[in-house]
Amino acid sequence: MRLYIIRHADPDYPNNTITPEGHLEARALAKRLSDHGLDRIYASPMGRALDTMRYTADALGMTHEVEHWTQELALKLEETPYGRLSHWDLPGEVIRSELPLPTHDTWKEISYYQGTQSPEVFEQLKLHSDEFLKRQGFERIGGRYRILKHTEDRVAVFCHGGFGLTWLAHLLELPVALVWSGFWMPPSSVTTILFDERSKEWAVPRCIGFGDVSHLYAEGLPVRPRGIITNFN
Ligand SMILES: O=C(O)[C@@H](CO)OP(=O)(O)O
């Protein structure tokens, strides 16, 4: 199975949709996804994800299912020296300021995350992910997935930047704080997870493409820096 984690196109947050530029991105994305086709389409219930997804569903003549657990995570740090931040926007220089670096388990000890909801939200996301992937034919047992049904299906999930990185950390069993500060998903980008099957019994999620925006380049569209707080230009 190939799982496509897709961040919505350029957002219009106040109006719960995407901008005119986002519509162009979503159209380009639909063209790209139509090349190989999709077997199932899922989306977050939020307008910016749904309005991005519709171009692809229409291009392929498919319906979609809403997965409520894939909506953007409500995780804000109210007071930091950097202002009010989403948990995934805490600077890498803070996350990496102490040695040893955070691990899969110790990231919760970073002072900014202590006493916040992020450990619990991450645990909930894991449960939802496991239930979703079991429906797709993969049952998580420890860090690997038992193959319940071999499939070459292509499955798209239209979702969000913060959610997408958090899910990626779970799928790859990486320290979530290092994934948050080490990656950024551009609007309309496609991150591809191959369920790597090296035996008949087990599969392991393997990222074979991160934040791909080749559809934007193909259409002469720029990568818009929405949702990144840094010297991106
Ligand atoms: O809430 C945010 O800060 C952004 C991600 O950086 O979310 P979304 O992907 O939904 O725009």
Side-chain angles (χ1 to χ4, degrees), residues 1-76 84-89 125 128 132 153-168 180 183-193 207-233:
M1 181 175 83
R2 271 175 160 78
L3 171 66
Y4 299 122
I5 302 176
I6 299 169
R7 186 178 173 213
H8 58 77
D10 192 52
D12 173 352
Y13 293 113
N15 294 306
N16 190 30
T17 182
I18 52 178
T19 63
E21 293 80 8
H23 282 274
L24 297 178
E25 295 172 359
R27 186 174 292 130
L29 173 65
K31 199 166 152 188
R32 172 242 170 103
L33 291 171
S34 299
D35 285 349
H36 292 291
L38 293 172
D39 294 284
R40 286 179 293 290
I41 298 177
Y42 300 97
S44 143
M46 295 176 131
R48 53 193 185 273
L50 291 169
D51 291 342
T52 303
M53 176 276 301
R54 282 196 188 96
Y55 282 92
T56 297
D58 289 349
L60 290 166
M62 293 175 69
T63 56
H64 72 280
E65 286 175 42
V66 169
E67 295 283 327
H68 286 268
W69 65 281
T70 68
Q71 66 188 285
E72 189 54 301
L73 305 175
L75 288 175
K76 292 284 183 196
R84 186 172 185 265
L85 293 177
S86 293
H87 285 210
W88 44 89
D89 288 328
L125 184 150
H128 286 297
F132 174 79
D153 285 356
R154 293 169 189 267
V155 174
V157 180
F158 289 78
C159 53
H160 303 268
F163 167 82
L165 291 182
T166 311
W167 195 14
L168 188 69
W180 282 340
F183 294 92
W184 170 66
M185 291 180 170
S188 85
S189 65
V190 180
T191 294
T192 303
I193 307 294
C207 183
I208 59 169
F210 180 87
D212 181 62
V213 286
S214 53
H215 52 286
L216 299 184
Y217 292 112
E219 298 296 318
L221 297 171
V223 178
R224 292 181 185 278
R226 301 300 294 272
I228 188 165
I229 305 173
T230 188
N231 49 318
F232 178 103
N233 51 39

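- Of all heavy-atom pairs spanning Pro45 and Gln71, the tightest one is CD-CB, 3.8 Å.
- Annotation: Tyr217, atom OH; neighbour count of heavy atoms from other residues, nucleotides and ligands within 6.0 Å does not exceed 12.
- What you find for Ala28 and Leu221 is that their closest heavy atoms are CB-CD1, 4.1 Å.
- A ring-ring contact (aromatic ring centres under 6.0 Å, His included) check over residues 23-55, counting only residues at least two apart or in different chains, returns the pairs His23-Tyr55, Tyr42-Phe132.
- Annotation: side chain of Leu50 is not in contact with side chain of Phe158 (no heavy-atom distance under 4.5 Å).
- By the 4.5 Å heavy-atom criterion applied to side chains, Thr192 and Asp212 are not counted as neighbours.
- Using a cutoff of 4.0 Å between basic side-chain nitrogens and carboxylate oxygens, Asp51 and Arg54 are scored as salt-bridged.
- Looking at Glu219 and Arg27, no side-chain N of the basic residue comes within less than 4.0 Å of a carboxylate O on the acidic one, giving no salt bridge.
- When side chains are defined from C-beta on, Ile18 does not count as touching Asp10, because their heavy atoms never get closer than 4.5 Å.
- A donor-acceptor pair under 3.5 Å links the side-chain atoms of Asp39 to the main chain of Arg154, judged by distance alone.
- The line from NE2 of His160 to OG1 of Thr166 is 12.0 Å long, rounded to the nearest 0.5 Å.
- Annotation: side chain of Tyr13 is in contact with side chain of Arg48 (closest heavy-atom distance under 4.5 Å).
- The minimum heavy-atom distance between Trp184 and Arg224, with the atom names listed, is CH2-O, 3.6 Å.
- Taking each heavy atom of Leu38 and Ala156 in turn, the nearest pair found is CD1-CB, 3.7 Å.
- Contact annotation: the side chain of Met53 approaches that of Ile41 to within less than 4.5 Å [non-hydrogen atoms, C-beta and beyond].
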Side chain to side chain donor-acceptor pair (under 3.5 Å) between Asn15 and Thr17, worked out: CA-CA 6 Å; Asn15 294 306; Thr17 182; over 6 Å; no
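- Two residues are said to be in side-chain contact when any heavy atoms from C-beta on lie closer than 4.5 Å; Ile6 and Leu33 meet this criterion.
- The two residues Ser189 and His215 make their nearest non-hydrogen contact at CA-CE1, 4.4 Å.
- One N or O on the side chain of Arg226 and one on the backbone of Pro11 form a donor-acceptor pair closer than 3.5 Å.
- You'll find the side chain of Trp167 stays beyond 4.5 Å of the side chain of Thr191, heavy atoms only.
- Here the NZ atom belonging to Lys76 is positioned 8.0 Å from the CG atom belonging to Leu85, to the nearest 0.5 angstrom.
- The shortest distance between side-chain heavy atoms of Leu73 and His87 does not fall below 4.5 Å.
- Counting only distance, with no hydrogens or angles, the side chain of Thr52 and the backbone of Ala9 share a donor-acceptor pair below 3.5 Å.
- To the nearest 0.5 Å, atom CZ of residue Phe210 and atom CE of residue Met185 are 4.5 Å apart.
- Between atom CD1 of residue Ile193 and atom CD1 of residue Ile5 there is a gap of 4.5 Å, rounded to the nearest 0.5 Å.
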Apply side chain to side chain contact (heavy atoms under 4.5 Å, CB included) to residues Arg2 and Ile208 and explain how you reach the verdict. CA-CA 10 Å; Arg2 271 175 160 78; Ile208 59 169; 3.7 Å; yes
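- Here the CZ atom belonging to Phe163 is positioned 9.0 Å from the CD atom belonging to Glu67, to the nearest 0.5 angstrom.
- Contact record, Gly161 with Glu72: N-OE2, 3.7 Å, taken as the closest heavy-atom pair.
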